[in-house]
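In what follows, chains are A, B, ... by sequence order, proteins preceding strands, each numbered from 1.
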Amino acid sequence: MSDLERLHDLLASDDPAGHRRAAQMAAHDPTLQAELDAHDRLLAIAESWRESTVAPQHLRARVLAGVEAPAATVLTGRFRNARRWVSGLAAAASIVLAIVFLQQIVPSPDVISVRGRLLINDALTEASEAEARHAAAIAKLERVAAPILQRATDPSTDAANAAILLAYRDRLAAIDTAIAEVRGYLEDNPGLASARTVLLAAYIDKTLVLEEVLGTDETSDLG
Amino acid sequence: MEPAHGASSDNELLERARQGDAEAFGAIYDRYCNVLYGTAMRLVRSPEQAEDVVQEAFMKLHSRPPAPPVRNLGGWLHRVASHAALDRLRRRGRRQEHELIPERAGSRSTEPAAGTDLERALGALPERGRRVFLLHDVEGFLHSEIADMLGISAGTSKSQLFRARRILRQELAGAKS
């Protein structure tokens with residue numbers, strides 16, 4: 001192996017001692033020193049390139065909206081034992097926050113023109129049909145849950161359980177508000193996949209909350 | 001990737017994010033988005049796919065975060081994004097092996113001439129050498145880590161880097177003259 005090859009072999013390793021030996025070799029040889037300088041310039045360019053990239057602005061809203069959609073269903077898990085629930089409004093706020101993020105996206109030409117980001121006609125039809133099925137299933141659950149939720153204001157319901165039912169009602173109202181906002185947004189931007197994701201998450205969230213309401217009727221001392 | 005003085009630490013933000021604090025998660029995004037996007041963009045060479053990689057990395061952070069306390073959240077995210085980008089390259093195959101990295105909005109360089117010359121020079125490399133150079137000299141991974149990522153030995157990674165640097169030095173010297 002020539003000195004030149006030896007120099008670059010040392011520089012290609014991850015061993016700092018190897019880099020020191022390379023510098024020592026180059027210190028006594030102008031040719032090797034020129035090689036070392038060229039190596040250092042290449043690494044400086046690589047480092048500069050690494051430091052220079054900036055993520056596009058719309059990516060933030062997209063990433064956070066994508067995270068907020070599953071977060072809505074994760075937060076719903078806190079309602080599984082209604083007696084420990086404290087952050088229903090915070091959970092509802094997470095969906096509203098997702099709406100705010102969507103509003104930041106605003107159908108800019110860059111977002112709408114990117115291939116694959118929007119739902120094409122067939123996918124749009126499928127998404128609409130899926131949403132209609134969710135809405136129909138929720139309507140059935142609401143009809144069964146309505147009498148249970150009405151007990152929140154029944155004088156015969158004890159205060160603790162009334163508070164739980166009122167919290168469920170507040171939670172459902174917040175989700176309904178979020179659903180209405182997203183659906184309004186989708187009327188102007190029907191192809192925006194991220195909005196569909198948030199809407200689906202809201203439907204799932206509402207379904208789970210309604211199931212919990214029905215669960216309180218089976219297990220508890222209500223009524 | 002250290003937080004500014006007085007700012008919340010990564011572990012503090014991550015704990016708050018675990019509790020559902022969207023602002024905390026947003027702060028983590030703001031702290032690391034540029035690094036991750038840059039890594040993804042350099043590997044997959046497509047703004048759309050780079051965005052998908054970044055989203056995938058943060059989705060993983062959200063759904064399966066590292067166990068606390070996290071020693072280096074930036075490093076964790078960096079590895080996740082790099083793996084995600086390489087997975088995409090494997091699925092995509094070698095169709096774009098010889099494409100140059102195009103100039104794109106959202107990928108601005110503070111030293112446009114140097115970065116652009118390097119991007120052009122990378123086009124002269126075979127794909128594996130290109131990936132090894134990017135992962136080692138640009139992204140800062142060790143040969144042992146690159147070996148795991150690419151399914152090669154650390155020795156092969158080192159020799160690939162040796163050859164890649166030689167070609168790049170020649171290309172960059174030619175670009176100057």
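- Contacts between B:Y29 and chain A at a heavy-atom distance below 4.5 Å involve the side chain alone, from C-beta outward.
- Within the 4.5 angstrom heavy-atom criterion, atoms from both the backbone and the side chain of B:L142 approach chain A.
- With respect to B:K158 and A:D9, a salt bridge is recorded, a charged nitrogen being found less than 4.0 Å from a carboxylate O.
- Taking the six-membered ring for Trp and thresholds of 30 and 60 degrees, B:H62 and B:F25 have ring planes more than 60 degrees apart, a perpendicular arrangement.
- Neither the backbone nor the side chain of B:D21 comes within contact range of chain A; no heavy atom of the residue lies under 4.5 Å from a heavy atom of that chain.
- Heavy-atom pairs under 4.5 Å with chain B were tallied for A:L43, A:L11, A:D14, A:L42; the largest tally goes to A:D14.
- Of the listed residues (B:T39, B:D30, B:L36), the one with the most heavy-atom contacts under 4.5 Å to chain A is B:D30.
- Residues B:Q19 and B:E15 have side chains that bring a donor and an acceptor to within less than 3.5 angstrom of each other.
- Residues A:E5 and B:F162 share a closest heavy-atom pair of O-CE1, 3.5 Å.
- The CG atom of B:L73 sits 7.5 Å away from the CH2 atom of B:W76 when rounded to the nearest 0.5 Å.
- Annotation: maximal heavy-atom pairing with chain A below 4.5 Å, among B:E139, B:H136, B:E56, B:R165, occurs at B:R165.
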